[in-house]
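Written out below as structure tokens is the structure these notes cover.
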Amino acid sequence: MELKNVLLEKEENIAVVTINRPKALNALNSDTLKELEWVIADLEEDDSIYAVILTGAGGKAFVAGADITEMKDLNALQGRKFSILGNRVFRRLELLEKPVIAAIPGFALGGGCELAMACDIRIASEKAKFGQPETGLGITPGFGGTQRLARIVGMGRAKELIYTGSVIKADEAYRIGLVNKVTTVEELMNEAKAMASAIAKQAPIAVKLSKAAINRGMQVDIDTALSYEAEAFGECFSTEDQKEGMTAFVEKKSEKNFQNK
Ligand code: DAK
């Protein structure tokens, strides 16, 4: 696929995916969502990539939402198609078997905030702004906002943000647990890359299984969740990387040579 609205760069074991429509503040139209889906499929297949950073081009926005210009005149059938596409892409990102860090330089509104929430970890620049302004447009959040926001910041805060459509700054987003870290604008990508490198140094299968256990476990009761953890833990003992990690500890070697096997 020819990529116009999404950039994909790979360096060592880290991929950087950039939503690249800066003139429209990286708003998500159908073409961008289709390209993003293609990129996710590529990353799913690429065993050399251990962590992913998702960001937005231009410095002003991560993603300023779904593309209102495109959405404005949709009929019911087109709206349904758009919804199915968006939900499929966001869910596929959430289920990607490698951690995804959202590096958020500026606006993360509506679908942009929802995209960040489909990632595992969010790092924001001090200029970033977050919100779900959909109710002011006459719609509900449609890419998972009503569900993921409540799971991340709790029901009361999610309801306040969604009912009022208010936009919050990075420090408030950090205070309520919507973002993991706030950095200067200049340091944003370095911080995201440092975290991605720290992740990429761990045993990739153990990281992948931890992600699946956390994500699946959050949806079910604690006993079922702990059985997912036991499954994941057991599976690690069929990997070469478990032998490598534990042998290195016992032999007091600081270097570990994880092979993703
Ligand atoms: N869509 C399309 N274009 C957008 C856009 C958006 N969401 N946000 C900004 N732009 C465009 C502007 O139209 C403008 O284009 P030109 O006029 O230059 O051609 C350019 O980006 C620069 O924006 P501004 O001139 O407005 O820049 P400002 O600094 O003055 O303001 C802003 C920045 C972020 C405060 C403002 O642009 C803004 O309020 N943008 C809209 C934010 C918003 O309301 N986002 C939520 C969109 S609703 C669904 C699933 C999900 C969704 C819907 C359906 N289904 C399942 C069916 C999601 C909905 C949303 O995300």
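Remember, it's 1-based here, ligands and their atoms both numbered in the order they're listed. This is a predicted model, so every value here is computed, not measured.
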For the pair Q202 (side chain) and A198 (backbone), establish whether a donor and an acceptor sit closer than 3.5 Å, ignoring hydrogens and angles.
-> yes
Is there a heavy atom in R80 that sits closer than 4.0 Å to ligand 1?
-> no
Would a 4.0 Å cut-off, counted as strictly less than, catch a protein heavy atom around atom 12 (C) of ligand 1?
-> no
At the 4.0 Å heavy-atom cut-off, does A24 count as touching ligand 1?
-> yes
Quick one: does E70 get within less than 4.0 Å of ligand 1, heavy atoms only?
-> no
Hey, do the aromatic rings of F82 and F143 have their centres closer than 6.0 Å?
-> yes
Where does S83 meet ligand 1, judged by heavy-atom distances below 4.0 Å: at the side chain, the backbone, both, or neither?
-> both
What part of F143, side chain from CB on, backbone N/CA/C/O, both or neither, has a heavy atom under 4.0 Å from ligand 1?
-> both
Ligand 1 versus L137: contacting region, heavy-atom distance under 4.0 Å = side chain
Do any nitrogen or oxygen atoms of K60 lie less than 3.5 angstrom from nitrogen or oxygen atoms of ligand 1?
-> yes
Hey, is P133 touching ligand 1 through its side chain, its backbone, both or neither, going by heavy atoms under 4.0 Å?
-> side chain
Ligand-side contact atoms (ligand 1) for residue partner G111, heavy atom cut-off under 4.0 Å | 60 (C), 61 (O)
Give a yes-or-no answer on whether the side chains of T69 and D67 include a donor-acceptor pair shorter than 3.5 Å.
-> yes
Check if M71 has a non-hydrogen atom at a distance under 4.0 Å from any atom of ligand 1.
-> yes
